[in-house]
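Throughout, numbering of the chain's residues begins at 1 and tracks the sequence.
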Amino acid sequence: MIVTEKAPAKLNLSLDTPMRYFDGSPQWDMVMVSADLADYVTVETHRRPATIKVYTNSSFLPNDQRNLAYQAAHILRSRFHCKDGVTIRIKKQIPVAAGLGGGSSDAAAVLRALNNIWRLGLSLSELAKIALTIDSDVPYCIYNKLAHITGHGEKIELLPPQPHYWAVIAKQKISVSTPQILRQINYEKLHHLNNEALLVKLKEEDWQAATKYMGNVLEPLTMNVYPEIGRLKNKMKELGADVAQMSGTGPTVFAICHTESRARRIQNSIRGFCRDVHVVTLL
């Protein structure tokens, strides 16, 4: 049986971390939304050979157990004692190592596809619990809807759908090490966000007011190493973005606009020094 799943990119409308757990991992307090920039993941099961194979159109991605999509197939197959082999083909459109959760979204797509193929009957919340064993972003990517995420990434509160907004997603030729950025967090000096106010406005469906409370506490850490990220963000603001900020640990910067014409204007203005630019709708 063959199933193809769409694996959208995620954007951090708000990213905060209140504390560090005893194991060294951050506690998260985030609001995420998905964007219509997506990979497409095709999953096929077969009797022989009973192996897991991953193929992608990107030379930057591993195709073995280091790949999160591979891990997703392995975990689900082991947990439910399935004997089938699995072949995964990933058509990458989300930039790699961009802070957009492409690998996590691919893994979530594999979990959804195999849940369907093997008729496991798992709910999305049950899939999300399994997803947490892969990576902290994978549980959110099971849903791909506007949501408030806390804890290790396993606590997910779905929020009312946002209005029809546009996003300009731009990735410069920079590679950011997420573990390195997370190790640099000094919780005594971290300037926290007012996520409570953001959630109030989102639940009231007052999107324009909500934009005032969006942000990413990791921006100063990443921009200290890569100041060009800050310059791109400021350029987007100057061009009239409702919001401009970094996603995840970077390096991708996104702008949110309430009209397509404004988004296209920003895209055309920054193409000269940033070639990897996409204009998409928020999901």
Side-chain angles (χ1 to χ4, degrees), residues 6-15 30 32-41 56-62 67-69 90-107 109 135 137 140-141 144 165-182 214-257 260 262-283:
K6 185 177 181 178
K10 61 86 181 172
L11 298 175
N12 293 98
L13 299 182
S14 171
L15 189 157
M30 305 180 289
M32 289 190 195
V33 69
S34 293
D36 200 16
L37 171 64
D39 297 342
Y40 287 86
V41 181
T56 79
N57 60 340
S58 171
S59 59
F60 299 104
L61 288 177
N67 189 296
L68 298 187
I90 304 173
K91 182 180 179 182
K92 291 295 295 181
Q93 292 183 328
I94 302 172
V96 177
L100 296 171
S104 295
S105 196
D106 294 343
D135 183 78
D137 280 343
Y140 165 77
C141 294
N144 290 315
Y165 270 63
W166 296 81
V168 184
I169 300 174
K171 180 185 180 293
Q172 300 174 87
K173 289 187 176 180
I174 302 169
S175 294
V176 175
S177 168
T178 294
Q180 182 179 356
I181 296 299
L182 296 183
M214 295 178 185
N216 184 337
V217 300
L218 302 182
E219 281 184 349
L221 299 178
T222 305
M223 290 178 187
N224 185 51
V225 183
Y226 303 104
E228 55 266 49
I229 294 175
R231 291 194 287 269
L232 178 57
K233 172 184 171 178
N234 291 336
K235 184 67 175 176
M236 287 176 162
K237 283 187 172 181
E238 291 170 7
L239 292 166
D242 295 348
V243 175
Q245 63 193 50
M246 187 179 77
S247 188
T249 56
T252 297
V253 179
F254 66 92
I256 294 177
C257 304
E260 182 181 5
R262 181 65 55 85
R264 296 292 178 190
R265 177 188 170 196
I266 293 173
Q267 178 190 36
N268 293 333
S269 298
I270 65 176
R271 267 180 170 165
F273 59 92
C274 186
R275 293 185 179 180
D276 199 353
V277 185
H278 308 265
V279 173
V280 295
T281 55
L282 298 180
L283 298 178

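Closest heavy-atom contact between Ile94 and Pro8: CD1-C, 3.8 Å. Taking each heavy atom of Met236 and Phe254 in turn, the nearest pair found is SD-C, 3.9 Å. When every heavy atom of Cys257 is checked against every heavy atom of Arg262, the shortest pair comes out as SG-CG, 3.9 Å. The nearest pair of heavy atoms linking Gly248 to Asn216 is O-ND2, 2.9 Å. The heavy-atom pair separating Ala7 from Val41 by the smallest distance is CB-CG2, 4.2 Å. What you find for Pro251 and Gln172 is that their closest heavy atoms are CG-O, 4.4 Å.
Distance CG/Leu68 to CG/Asp135: 5.5 Å, rounded to 0.5 Å. Rounding to the nearest 0.5 Å places CE of Met246 at 12.0 Å from CG of Leu232. Taking CD1 of Ile229 as the start and CD of Glu219 as the end, the distance is 9.0 Å to the nearest 0.5 Å. Atom CG in Asn57 sits 7.5 Å away from atom NZ in Lys91 (nearest 0.5 Å). Gln245 CD to Ile256 CD1: the interatomic distance, rounded to the nearest 0.5 Å, is 6.5 Å. In this structure, CD1 on Ile270 lies 12.5 Å from CZ on Arg265, to the nearest 0.5 angstrom.
Surrounding CZ of Arg264 are more than 12 heavy atoms belonging to other residues, nucleotides or ligands, all under 6.0 Å away.
Contact annotation: the side chain of Tyr140 never approaches that of Met30 to less than 4.5 Å [non-hydrogen atoms, C-beta and beyond]. Side-chain contact between Ser247 and Lys10 is present, with heavy atoms from C-beta onward closer than 4.5 Å.
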Side chain to side chain contact (heavy atoms under 4.5 Å, CB included) between Ser105 and Asp39, worked out: CA-CA 8 Å; Ser105 196; Asp39 297 342; 6.0 Å; no
side-chain hydrogen bond (donor to acceptor under 3.5 Å, both in side chains) assessment of Thr249 paired with Thr178: CA-CA 6 Å; Thr249 56; Thr178 294; 2.8 Å; yes
Criterion side chain to side chain contact (heavy atoms under 4.5 Å, CB included) on Asn144 and Lys6, from CA distance to verdict: CA-CA 10 Å; Asn144 290 315; Lys6 185 177 181 178; over 6 Å; no
Intermediate values then yes/no, side chain to side chain contact (heavy atoms under 4.5 Å, CB included), Val33 and Leu283: CA-CA 7 Å; Val33 69; Leu283 298 178; 6.0 Å; no
CA sep, side-chain torsions, deciding dist, call: Ile169, Val277, side chain to side chain contact (heavy atoms under 4.5 Å, CB included): CA-CA 6 Å; Ile169 300 174; Val277 185; over 6 Å; no
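For Tyr226 (side chain) and Ser175 (main-chain N/O), a donor-acceptor pair under 3.5 Å exists by modelled atom type. Checking side-chain atoms of Gln267 against main-chain N and O of His278 turns up no donor-acceptor pair under 3.5 Å.
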